[in-house]
Number of protein chains: 2
Amino acid sequence: MTQRRNQLPTREELRVWRDFIETTEALRAELASRLQSESSMSPGDYAVMLALSEAEGRRLRSSELAASIGWERSRLSHHLGRMERRGLVRRENCTTDNRGAEILLTTEGADAFRRTSIPHLRAIREFFVDALSPDQITAAGDLAATLRNHLDQLRAQR
Amino acid sequence: MTQRRNQLPTREELRVWRDFIETTEALRAELASRLQSESSMSPGDYAVMLALSEAEGRRLRSSELAASIGWERSRLSHHLGRMERRGLVRRENCTTDNRGAEILLTTEGADAFRRTSIPHLRAIREFFVDALSPDQITAAGDLAATLRNHLDQLRAQR
DNA sequence: GGAACATAATTGACATGTCAATCATTTCTC
DNA sequence: GAGAAATGATTGACATGTCAATTATGTTCC
């Protein structure tokens with residue numbers, strides 16, 4: 001087997017990498033900007049509200065919520081503080097574990113999520129789905145799965 | 001032609017979208033974390049230093065630099081302030097336009113960039129290039145180009 | 001039961017990003 | 001050439017993200 005550890009990407013591989021990462025970044029920024037101007041929501045707000053709205057009783061333990069959207073707990077804690085100030089969520093003490101907190105979507109939060117959802121899905125269609133052929137959608141899914149797998153493997157090695 | 005304006009993504013299209021955007025985000029975060037722990041640099045630092053190191057005389061007008069890395073000027077201005085405090089870049093008055101500023105890489109900045117570059121390229125190979133088959137690299141490039149094109153077209157319509 | 005350790009969540013400090021407002025200078029137009 | 005408009009860049013306010021430290025409670029084990 002060839003020793004790869006010290007090889008660097010070729011010029012072409014690097015070009016693809018830059019295109020790929022810059023484009024996905026531009027896409028993310030565009031969707032975020034849409035969401036903000038149409039609904040005064042950030043992608044973070046949306047992720048939190050989506051997870052809560054799908055949860056049993058519209059409530060989750062803080063750490064479950066963090067796991068479900070793949071955030072560090074500290075990040076979530078800061079974000080929940082901001083959302084709580086805006087009246088979108090509320091924190092309650094957990095009855096089964098006094099260390100824990102339960103996060104729940106307020107009525108106001110649930111309404112906001114409903115109003116946000118359709119325009120956001122439309123934007124995803126417009127910027128992502130409409131851009132790609134069915135084959136390209138499949139390819140995007142494969143690519144994501146492959147990259148995610150590889151990432152998980154590298155992390156597991158540590 | 002079918003009216004698409006109000007159609008929403010299918011469940012499958014949405015799954016691909018989430019996989020895709022979350023995976024690219026995880027990839028971005030992983031590379032950023034590497035760069036930070038190995039070299040005390042952020043991706044932003046790297047982008048700025050790369051553009052400057054490739055520029056004539058290792059200097060660029062602030063707005064040229066912004067265009068070359070695709071940033072808003074305000075973002076760049078804040079970032080340059082932080083990099084200047086760390087001694088990586090310097091700002092000088094522009095001789096041909098008194099409003100303008102020229103940004104230049106200090107010797108220290110150029111050294112830092114050299115030290116950072118190889119490990120960063122290795123990380124790109126490890127997390128991206130090594131994960132994908134040659135065909136998948138090609139597919140990633142196509143995908144990026146298609147998405148970028150579509151994005152530019154939508155923006156041009158406004 | 002109590003010391004040692006693990007777990008849940010928050011906090012503070014700070015880097016990064018966006019937006020709107022500002023300031024200085026240049027360019028345009030008459 | 002004077003006033004209006006455009007351009008280059010910075011600033012301030014604030015949202016977001018990361019990291020390390022802290023607080024409080026739970027669990028283990030003797």
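Each chain gets a letter, A, B and so on, in the order the sequences are listed, and its residues count up from 1. All figures in this text were calculated on a predicted structure; none of them were measured in a lab.
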*Whole-Å gap separating P (dA24(C)) and CG (Asn93(B))*: 14 Å

_5'-most by nearest nucleotide on DNA chain D - Pro43(A) or Gly100(B)_ = Gly100(B)

*Could you state the atom-to-atom distance from CG of Leu35(A) to P of dC19(C) in whole Å?*
12 Å

*Could you give the CD1-to-C1' distance, from Ile69(A) to dG17(D), as a whole number of Å?*
13 Å

*For the pair His79(B) and Trp71(B), name the ring-plane relationship: parallel under 30°, tilted 30 to 60°, perpendicular over 60°.*
perpendicular

_Applying a 4.0 Å non-hydrogen cut-off, can you work out what Ser63(B) is touching in the nucleic acid: base, sugar-phosphate, or nothing?_
sugar-phosphate

*Taking only N and O in the side chain of Asn98(A), is any of them less than 4.0 Å away from OP1 or OP2 of dG26(D)?*
yes

_Nearest non-hydrogen partners of Pro9(A) and Val129(B), listed with the distance_ = CB-CG2, 4.3 Å

*Can you find a donor-acceptor N/O pair under 3.5 angstrom joining the side chain of Ser33(A) to the base of dT18(C)?*
no

*With a 4.0 Å cut-off on heavy atoms, is Arg61(A) in touch with a base, just the backbone sugar-phosphate, or nothing at all?*
sugar-phosphate

*Spacing of Leu76(A) atom CG relative to dA8(C) atom P, expressed in whole Å*: 13 Å

*asked:* Rounded to whole Å, please give me the gap between CZ in Arg85(B) and P in dT10(D).
replied: 13 Å

_Parallel, tilted or perpendicular, judged at 30° and 60°: which one describes the rings of Phe113(B) and Tyr46(B)?_
tilted

*Round to the nearest Å and state the distance from His78(B) atom NE2 to dA15(D) atom C1'.*
12 Å

*Mapping Leu80(A) and Asp97(B) to their closest nucleotides on DNA chain C, which lands nearer the 5' end?*
Leu80(A)

*Which whole-number value in Å describes the distance from Arg73(B) CZ to dG12(D) P?*
18 Å

*Between dT11(D), dT18(D), dT16(C), which one does the side chain of Glu72(A) approach most closely?*
dT18(D)

*Which listed nucleotide (dG12(D), dG8(D), dT16(D)) is nearest to the side chain of Ser42(A)?*
dT16(D)

_Worked verdict on Asn149(A) versus Thr146(A) for side chain to side chain donor-acceptor pair (under 3.5 Å)_ = CA-CA 5 Å; Asn149(A) 247 314; Thr146(A) 304; over 6 Å; no

*So, are Asp19(A) and Arg15(A) salt-bridged, with charged N and O less than 4.0 Å apart?*
yes

*asked:* If you compare all heavy atoms of Ala51(B) against all heavy atoms of Ile69(B), which two are closest, and at what distance to 0.1 Å?
replied: CB-CG2, 3.9 Å

*Between Thr138(B) and Asp135(B), is any side-chain donor less than 3.5 angstrom from a side-chain acceptor?*
no

What pairs of nitrogen or oxygen atoms, one from the protein and one from nucleotides 1-5 of chain C, lie under 3.5 Å apart?
none

*Closest heavy-atom contact between Ala26(A) and Arg155(B)?*
O-NH2, 4.3 Å

_Need one value for Arg91(A): base, sugar-phosphate or nothing, where a base atom within 4.0 Å counts as base even if backbone is also close, heavy atoms only._
sugar-phosphate

*asked:* Below the 4.0 Å mark, does dG17(C) have OP1 or OP2 next to a side-chain nitrogen or oxygen of Arg75(B)?
replied: yes

_Closest nucleotide among dC19(D), dA9(D), dC19(C) to the Ser74(B) side chain_ = dC19(C)

*Any Arg99(A) side-chain nitrogen or oxygen under 4.0 Å from OP1 or OP2 of dA9(C)*: no

*asked:* Need one value for Ser62(B): base, sugar-phosphate or nothing, where a base atom within 4.0 Å counts as base even if backbone is also close, heavy atoms only.
replied: sugar-phosphate

*Atom CZ of Arg82(A) to atom P of dA13(D): distance rounded to whole Å?*
19 Å

*Between Thr96(A) and His79(A), which is nearer to the 5' end of DNA chain D once each is assigned its nearest nucleotide?*
His79(A)

*asked:* Of the options dT26(C), dT16(C), dA9(D), whose atoms approach the side-chain atoms of Ala101(B) most closely?
replied: dA9(D)

